[in-house]
Asks: 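Have a look at the structure that comes next, please.
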Amino acid sequence: MIAFSENEVREALLPHGLLDAHAYFMANNPSAHLPYHNLYHANTVILHCHDGAMEMGLGRKETRSLLLGAMFHDFAHSGGNRTDDENIAAAVSGLESWCRKSGAPPGLLEGARRIVRITRFPHLDRPASLAEEIIRDADLMQIYAPEWQKQILGGLRRELCISEGREIGIIEMIALQLKFMEGVNWYTSWAKRKAEAKWESLIGEIRLIGESLCPVSG
């Protein structure tokens, strides 16, 4: 699993001149404390994107746009109260606001904007570049982070209750997560290697959690 600390995030962003962007993001993101689409999720996606960019040999310019887009991809997320098209529009607006304030070059904004938009879920469009493939893979890797049970079985479940307009119990959430994991298709060789090493064992771990909560009678 990927290690995680804010220092690691800053170290990943420093060579790309994105520390000011991250400070702005951390201070101004209205969805910072959502159960799932929160600062923890954003920072883990940044780290996974950095990992993927290094592993896949992504160019420096593209990596900068990728990391900035990863940072803002869920900015001002509604936590289930709006459609994801509306969530993406809010994220793009936050990205554009920082770019205006910082005087970021148009190429950086356009590249990061494409990164944000390709994360719309459910997915509609295929990634058109390596950077877009990396963000799509990275956005599905929350389970590799140390606090995945709290984030997914707790936080994501709470947001799904809002978007679905009904209560979703832990057993149903486990079933939904297993269905999701069994249907994931990775784009990059980097993501496929990570999955080969860990994905099936994580599926088994989730199954065991479900069995412990709902044991089968003998």
Asks: What pair of heavy atoms forms the shortest contact from L109 to C99, and how long is it?
Replies: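 Closest approach of L109 to C99: CD1-SG, 3.8 Å.
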Asks: Run the side-chain contact (heavy atoms from CB on, under 4.5 Å) test on Q149 and E205 for me, step by step, so that the C-alpha distance in whole Å, both residues' side-chain angles and the decisive distance to 0.1 Å come before the verdict.
Replies: CA-CA 11 Å; Q149 291 189 38; E205 189 172 341; 3.9 Å; yes
Asks: Please answer: with hydrophobic residues joined when any side-chain heavy atoms are less than 4.5 Å apart, are L95 and F121 in the same cluster?
Replies: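 Different clusters: L95 never reaches F121 through Ile, Leu, Val, Met, Phe, Trp or Tyr contacts under 4.5 Å.
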Asks: If I take atom CG from residue D125 and atom CZ from residue R120, how far apart are they, to the nearest 0.5 angstrom?
Replies: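 Between D125 CG and R120 CZ, I get 8.5 Å after rounding to 0.5 Å.
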Asks: May I ask you to say whether R10 pairs ionically with E6, meaning some side-chain N is under 4.0 Å from a carboxylate O?
Replies: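 Here R10 pairs with E6 in a salt bridge, since their nearest N and O are under 4.0 Å apart.
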Asks: Check for a donor-acceptor pair, side chain of Q142 on one end and backbone N or O of Q151 on the other, with a separation under 3.5 Å.
Replies: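 Answer holds: no.
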Asks: Apply the test side-chain contact (heavy atoms from CB on, under 4.5 Å) to residues V9 and H50: give CA-CA distance (whole Å), side-chain angles for both, the deciding distance (0.1 Å), then the verdict.
Replies: CA-CA 9 Å; V9 176; H50 182 262; over 6 Å; no
Asks: On a heavy-atom basis, which atom in C49 and which in I135 lie closest, and how many Å separate them?
Replies: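 Heavy-atom minimum between the residues: SG-CD1, 3.4 Å.
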Asks: Ignoring hydrogens and angles, state whether a donor on the side chain of D139 or H41 is under 3.5 Å from an acceptor on the partner side chain.
Replies: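 Yes - a donor-acceptor pair under 3.5 Å links their side chains.
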Asks: For the residue pair G69 and V116, what are the closest heavy atoms and their distance?
Replies: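 So the two residues come closest at O-CG2, 3.6 Å.
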Asks: Quick test of your reading of the model: are E55 and K194 salt-bridged, counting only N-O distances below 4.0 Å?
Replies: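 Looking at E55 and K194, the cut-off is not met.
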Asks: How far apart are the closest heavy atoms of G94 and F72, and which atoms are they?
Replies: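 For G94 versus F72, the nearest heavy atoms are O-CE2, 3.5 Å.
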Asks: Between R136 and I118 (side chain of the first, backbone of the second, donor and acceptor by atom type, cut-off under 3.5 Å), is there such a pair?
Replies: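 Judged by distance alone, yes, a pair lies under 3.5 Å.
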Asks: So, are R113 and E110 salt-bridged, with charged N and O less than 4.0 Å apart?
Replies: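 Between E110 and R113 there is a salt bridge, with a charged N closer than 4.0 Å to a carboxylate O.
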Asks: Treat each ILVMFWY residue as a node, draw an edge where side-chain heavy atoms are under 4.5 Å apart, and state whether L160 and I174 are in one component.
Replies: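 Yes, because L160 and I174 connect within a single hydrophobic cluster, where side-chain heavy atoms sit under 4.5 Å apart.
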Asks: With heavy-atom distances below 4.5 Å as the criterion, would you say the side chains of D84 and H77 are in contact?
Replies: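 D84 reaches H77 side chain to side chain.
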Asks: Hey, quick one: are I168 and I143 part of the same hydrophobic cluster, counting side-chain heavy atoms closer than 4.5 Å, chains of contacts allowed?
Replies: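 Same cluster: I168 reaches I143 through Ile, Leu, Val, Met, Phe, Trp or Tyr contacts under 4.5 Å.
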Asks: Where is the tightest heavy-atom contact between I171 and C214, given as atom of each residue plus distance?
Replies: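 Taking I171 first and C214 second, the nearest heavy atoms are CD1-CB, 3.9 Å.
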Asks: Should we say atom CZ of R158 is surrounded by more than 12 heavy atoms from elsewhere, each under 6.0 Å from it?
Replies: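 Counting other residues, nucleotides and ligands, CZ of R158 stays at 12 neighbours or fewer.
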Asks: Charged N to carboxylate O below 4.0 Å: is that the case for E182 and R207?
Replies: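 Yes, this pair counts.
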Asks: Hydrophobic cluster membership, with links at side-chain heavy-atom distances under 4.5 Å among I/L/V/M/F/W/Y: are Y187 and M54 in one?
Replies: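 No, no single cluster joins them.
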Asks: Counting distance only, does the side-chain N/O of S93 pair as donor-acceptor with the main-chain N or O of A89 below 3.5 Å?
Replies: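 Between the backbone of A89 and the side chain of S93 there is no qualifying donor-acceptor contact (under 3.5 Å).
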Asks: Check step by step if side-chain contact (heavy atoms from CB on, under 4.5 Å) holds for E62 and L130.
Replies: CA-CA 9 Å; E62 291 80 8; L130 177 58; over 6 Å; no
Asks: Roughly how far apart are M173 CE and L156 CG, rounded to 0.5 Å?
Replies: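 Answer for the CE-CG pair, M173 versus L156, is 4.0 Å.
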Asks: So do I115 and E132 actually touch side chain to side chain, heavy atoms under 4.5 Å?
Replies: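 Yes, side chains in contact.
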Asks: If the plane angle is over 60° it's perpendicular, under 30° parallel, otherwise tilted; pick one for W186 and W199.
Replies: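 Perpendicular, since the angle between the ring planes exceeds 60°.
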Asks: With a 4.5 Å cut-off on side-chain heavy-atom distances among I, L, V, M, F, W and Y, is there a chain of contacts connecting L202 to I170?
Replies: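 Both belong to a single hydrophobic cluster.
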Asks: Sub-3.5 Å donor-acceptor pair from the side chain of R82 to the main-chain atoms of N87, do we have one?
Replies: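 Absent.
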Asks: Identify the heavy atoms of L18 and L68 that sit nearest to each other, and give their distance.
Replies: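 Nearest pair, atom of L18 first, then L68: CD1-N, 3.9 Å.
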Asks: Show me the pairs that pass side-chain hydrogen bond (donor to acceptor under 3.5 Å, both in side chains) and involve residues 19-30, at least two apart or across chains.
Replies: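 Sorted pair list: H22-N43, Y24-S97, N29-S31.
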Asks: Any side-chain heavy-atom pair from E200 and I203 closer than 4.5 angstrom?
Replies: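 Side chain of E200 against side chain of I203, heavy atoms only: contact under 4.5 Å found.
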Asks: Is the distance from the ring center of H73 to that of F75 below 6.0 Å?
Replies: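 Not under 6.0 Å, so no.
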Asks: Measuring from M141:CE to L47:CG, what's the distance to the nearest 0.5 Å?
Replies: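 Taking CE in M141 and CG in L47, the distance rounds to 12.5 Å.
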Asks: Crowded around R126 CZ? As in, over 12 foreign heavy atoms under 6.0 Å?
Replies: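 Not more than 12 within 6.0 Å, no.
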Asks: Assess the residue pair H48 and V45 against the criterion (side-chain contact (heavy atoms from CB on, under 4.5 Å)); give the C-alpha distance rounded to whole Å, side-chain angles, the decisive distance to 0.1 Å, and a yes or no.
Replies: CA-CA 5 Å; H48 281 122; V45 173; 5.7 Å; no
Asks: I need the Q177 CD to I152 CD1 distance, nearest 0.5 Å.
Replies: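 Answer for the CD-CD1 pair, Q177 versus I152, is 4.5 Å.
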Asks: Can you measure from CG (D137) to OG1 (T188) and round to the nearest 0.5 angstrom?
Replies: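 One finds 4.0 Å between CG of D137 and OG1 of T188.
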Asks: Quick one: CZ on F180 to CD1 on I206, what's the gap to the nearest 0.5 Å?
Replies: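 The CZ atom of F180 sits 9.5 Å away from the CD1 atom of I206.
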